[in-house]
Protein chains: 4
Amino acid sequence: MARHKSAKKQDAIMQATLHLVIEEGFHGLSMSKIAKKAGIATATIYVYFKNTGEIINLLYLNLKELISADIMKGYKDTMTTEKGFKVIWRNYFDSIRKYAREFQYLEQFANSPYITQVSKEEGRKQFKPFLDFFDQAMAHGDIKKMSQGLVLALFIAPMSSLAKNINSGQSQIDETAIELAMHSTWLAMKK
Amino acid sequence: MARHKSAKKQDAIMQATLHLVIEEGFHGLSMSKIAKKAGIATATIYVYFKNTGEIINLLYLNLKELISADIMKGYKDTMTTEKGFKVIWRNYFDSIRKYAREFQYLEQFANSPYITQVSKEEGRKQFKPFLDFFDQAMAHGDIKKMSQGLVLALFIAPMSSLAKNINSGQSQIDETAIELAMHSTWLAMKK
Amino acid sequence: MARHKSAKKQDAIMQATLHLVIEEGFHGLSMSKIAKKAGIATATIYVYFKNTGEIINLLYLNLKELISADIMKGYKDTMTTEKGFKVIWRNYFDSIRKYAREFQYLEQFANSPYITQVSKEEGRKQFKPFLDFFDQAMAHGDIKKMSQGLVLALFIAPMSSLAKNINSGQSQIDETAIELAMHSTWLAMKK
Amino acid sequence: MARHKSAKKQDAIMQATLHLVIEEGFHGLSMSKIAKKAGIATATIYVYFKNTGEIINLLYLNLKELISADIMKGYKDTMTTEKGFKVIWRNYFDSIRKYAREFQYLEQFANSPYITQVSKEEGRKQFKPFLDFFDQAMAHGDIKKMSQGLVLALFIAPMSSLAKNINSGQSQIDETAIELAMHSTWLAMKK
DNA sequence: GATGAATGAGGATTCATTCAT
DNA sequence: AATGAATGAATCCTCATTCAT
C-alpha cells in the first residue's frame, strides 16, 4: 500500500490560503505562494485539490460551518424570544470578534470570481437554524413580519458593522455602545 | 508647442476601468483590457497614470466625491434634526440605488490590496459634511451621544444593506419595508 | 514466494497505449492516461517498463510481428512468381484494411522521436520473408533487377496509398481500381 | 509611432519551428525552444502569433505554397499529355529532393493534432493545378479514368517513396532507377 | 503625446518519475 | 508486486511595464 493522503497536509493548504487571502486579498493569491506557505511543492497541491477554485470554495464552506455552529451555541428553543434574540446577537457579535480574520475571508470570497452556485447554496443552508429562529419568532407574533432581506438589514448589518469597526481598531471596545446597539436592534424588530 | 494631456482621455481610462471592475471584478482587470475598452494603446495609459494602482485609487476618489455630493443634496441646516435626518437617509438610500454599480466598485475596492492610506483618508474627508450633521445633532441634544463607529453601524449599515439587497434583486421594492427601516433607525438614534 | 509479473497486465498496458495513440496521437499520450485506460496505478507501469519509450517500442515490434505474419499467409514457394506476387499483394492490401488502426500507430511511431535504432533494425528483420520473395524472383529472372528502395516504391507505396485512402473514407471501395492498381504494379515490376 | 512588426522576426520564428520539428518532431516542440532558436524572448512570439497552432499552420501553408509553385514550373498546356506528365513528374521528384526537410515537416504536420480544417482545405486548393492536369488528360482520353485517390496511389506514392528513400541515404542516386519508376508510372496510367 | 513592439516575471497546470508502504 | 503520494521540471500563456520611434 502507498502513503495515505494526510488530512494534516490538506489542512495546511487551506490554512495557508486563509492567511494569504487575509494578508494580500484574492488578487495576490497564487498556487506557488500557497505551496511555499504550506511547506510543500506546488504540484502536491494538485494531489489534494483539483484547482484553485476548489481550495477556496472548500475553505469557505469549512469556515461557514465553523461560524454557523458558533452562532447558535447555548441557544435553546425553550427560551423566550427576547432571551434567544440576545443570546444569538451576542454569539454572532462575539464570533465576528473572535473569528475576525475568518470573517474577512468570507467577505472577500463573496466578492471574488471563485464563488460557485453550489457554495452559495451550501452556505445558505448552514444559516438555516439562524433564519428559522426569526421565522418562528414572527409566527409567534413576537417580532414584526418582515422579509429575510430586512432581517439582514436590521439584525446583522448594524451588529456586523460595529464588530468590524472594533476589530479594525477604529473604535474602542465600549460595552455601553454594544448594549446600545443590541437594544436598538431589539426595539426595531420586536412587535 | 507639444500636445497637452487630454482630460477626455484620462476620463475614458477611468470609465473603462469602472465598467471592467463591475463586469468582471478586480480579479480580471488588466491594462490591456482597460486600453482596449478605452480605445487607446496600452502604453498610452502610462502617459496619464504611473501604474494600475493610481487609476484605481483616483477612480475611487472621483466616485466618492460624486456620491458624497449627492448625499447632502437638498439638505439645509435650517431644517429640524428629524427632517434633516430623513432627507439624508433618503438621499443616501436613493444614491445606492441609483449608483448601484459605482457602489459595487467602491466595495470591491475597499477589499482590494490596491487601496492606499492616502485614499482612505481622502475618502473620509469627503464624508465630513455627513458626519458634521450628526455631530451637530448630538451637540443640540437631538441624538444620543455616540462614536462615529456607532453612527456607521446604526445609520449606514442597515440602510446600505437594504438598498443593496434590493439592487441585487433578492428583495422586491417594498415601500413599507423602506419606511420601517428608516423609522427604526430614527428611533434607535434619537434621544 | 513473491507474486510474478503478469503478462496480462503488460498486455493491458500496451493495448491501452495503442488505443490512446490511435485516438489522440502521440502528442496526447501520457503515463497517467495509459494507467487509467489499463485500469492500474501509474506507478505499476514502471514495474513492467523502464519508461515511456520502452512501451512504445515494444508495442511497435509486437504489431510489426503480427502484421508480418499476415502478409505471407497462404504463400508457398512452390507457387509461380506471378501467383505469389498477387497473393502477397492481396495479403498486404487486406492487412492494411484490416489492421487500419495498427498501421496508423506504426506510421505515427515512425515519425516520432521515440523510435530507437534497435527497433528499426528489429522491424526490418521481420520483413525478411517479404524481401526474400523479391530477391528470389529477381534471381529467377521473373522480375526486373532493382534495389530494395525501388521495391518499396513500386510495390508497397501505391498499394499502401490506395488502402489508406479507402480506410480514410476518401475513396469508395472499388474492386476495379484495386485490380487496376495490382495489375499495374505487376506490369511495372515483371521482366 | 512605435516600432513596426518585422517580417524578419516572424520569419525567424517560422524557420526556428521548421528546424525544430525536423530535428525533434512535433512532440519535442515548445515555445521556449522556438524562442531560443529564433533569438527572441518567449513572450515576443505572442506578438506575432496567437498560439502554437497558428505558427505551425501558417508554416504549413507557406511551405505548401512554395512547393506547389515548384511542381508546375515549366509546364505549358500546349504540351502533349505525355510530355506534361513527365515534366510534372520530374518537377515533383526534384522538389522532394530539393525541399527534403520541408517535405519532412509537411508529413509530420499531417499526423499532428495541430492541423486545422482550414489548413487542410487551403492546402488542397494549392494542389488544384496539379489535379487539373490529370482531369484534363482524362477528359482528352490520354489517361485512364480514375479517382483522385488512385492518382495519388499511382503517381505520387511511388515517386515520393523513391525520392524519400534517396533522401534518407538508403539508396544511391541511380538515374536508371528514376527513369524506370517514371516510365512504369506512365505505363500504368496512360490509356 | 501616442503607440506598437518587446520582454522578464509569474500564473495555472500537467507530467514522468521516484518514494514509502 | 502494487500503488497512492510527492515532486522538480517543463508547458503554454498573460501581464505590467519599458523601449524606440
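Order of the sequence lines sets the chain letters (A, B, ...), proteins ahead of strands, with each chain counted from 1. Everything numeric in this text was worked out from a predicted model, so none of it was measured.
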Rounded interatomic separation in angstrom, taking [atom1] from [X] and [atom2] from [N]:
| X | N | atom1 | atom2 | result |
| --- | --- | --- | --- | --- |
| D:Ile45 | E:dA5 | CD1 | C1' | 14 Å |
| C:Lys50 | E:dT18 | NZ | P | 10 Å |
| C:Lys36 | F:dG4 | NZ | P | 12 Å |
| D:Phe49 | E:dT7 | CZ | C1' | 18 Å |
| A:Met31 | E:dT14 | CE | C1' | 12 Å |
| D:Lys5 | E:dT3 | NZ | P | 16 Å |
| A:Ile34 | E:dA12 | CD1 | P | 7 Å |
| B:Ile55 | F:dC15 | CD1 | C1' | 13 Å |

Nearest-nucleotide 5' precedence on DNA chain E, C:Ala43 against A:Asn51
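Its nearest nucleotide being more 5', the pick is A:Asn51.
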Whichever of A:Lys33 and D:Ser6 has the more 5' nearest nucleotide on DNA chain E, that residue is D:Ser6
Run the salt-bridge test on A:Glu122 and A:Lys125 with the 4.0 Å N-O cut-off and return the result as yes or no.
yes
Would you call B:Glu23 and B:Lys33 a salt bridge, using N to O less than 4.0 angstrom?
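Between B:Lys33 and B:Glu23 there is no salt bridge, as every charged N stays at least 4.0 Å from the carboxylate O atoms.
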First of B:Tyr46 and C:Lys9 reached from the 5' end of DNA chain F, by closest nucleotide
C:Lys9
Taking for C:Ala41 and for D:Leu29 the nucleotide of DNA chain F with the nearest heavy atom, the one nearer the 5' end belongs to C:Ala41
For D:Leu58 and D:Asn62, what are the C-alpha separation, side-chain angles and deciding distance, and is it a side chain to side chain contact (heavy atoms under 4.5 Å, CB included)?
CA-CA 6 Å; D:Leu58 186 55; D:Asn62 280 186; 4.0 Å; yes
On the nucleotide [N], are OP1 or OP2 found under 4.0 Å from the side-chain N or O atoms that [X] carries?
| X | N | value |
| --- | --- | --- |
| A:Thr42 | F:dG8 | no |
| C:Tyr48 | F:dA1 | no |
| D:Ser32 | F:dT11 | yes |

For A:Phe26, check ring-ring contact (aromatic ring centres under 6.0 Å, His included) against everything at least two apart and list the hits.
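A:Phe26 satisfies ring-ring contact (aromatic ring centres under 6.0 Å, His included) with A:Tyr105, A:Tyr114 only.
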Applying the 3.5 Å cut-off to both distances, the Watson-Crick or G-U partner of F:dA1 turns out to be none
Strand partner of E:dA12, provided both Watson-Crick or wobble distances fall under 3.5 Å
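Pairing partner, where one exists within any strand: F:dT11.
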Are D:Lys64 and D:Tyr60 close enough, and set up right, to give a side chain to side chain contact (heavy atoms under 4.5 Å, CB included), and what steps lead you there?
CA-CA 6 Å; D:Lys64 198 88 184 181; D:Tyr60 166 74; 3.7 Å; yes
Would you indicate what D:Thr52 reaches in the nucleic acid, counting non-hydrogen atoms under 4.0 angstrom: base, sugar-phosphate, or nothing?
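Sugar-phosphate contact only.
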What's A:Ser30 touching, base or sugar-phosphate or nothing? Going by heavy atoms closer than 4.0 Å.
sugar-phosphate
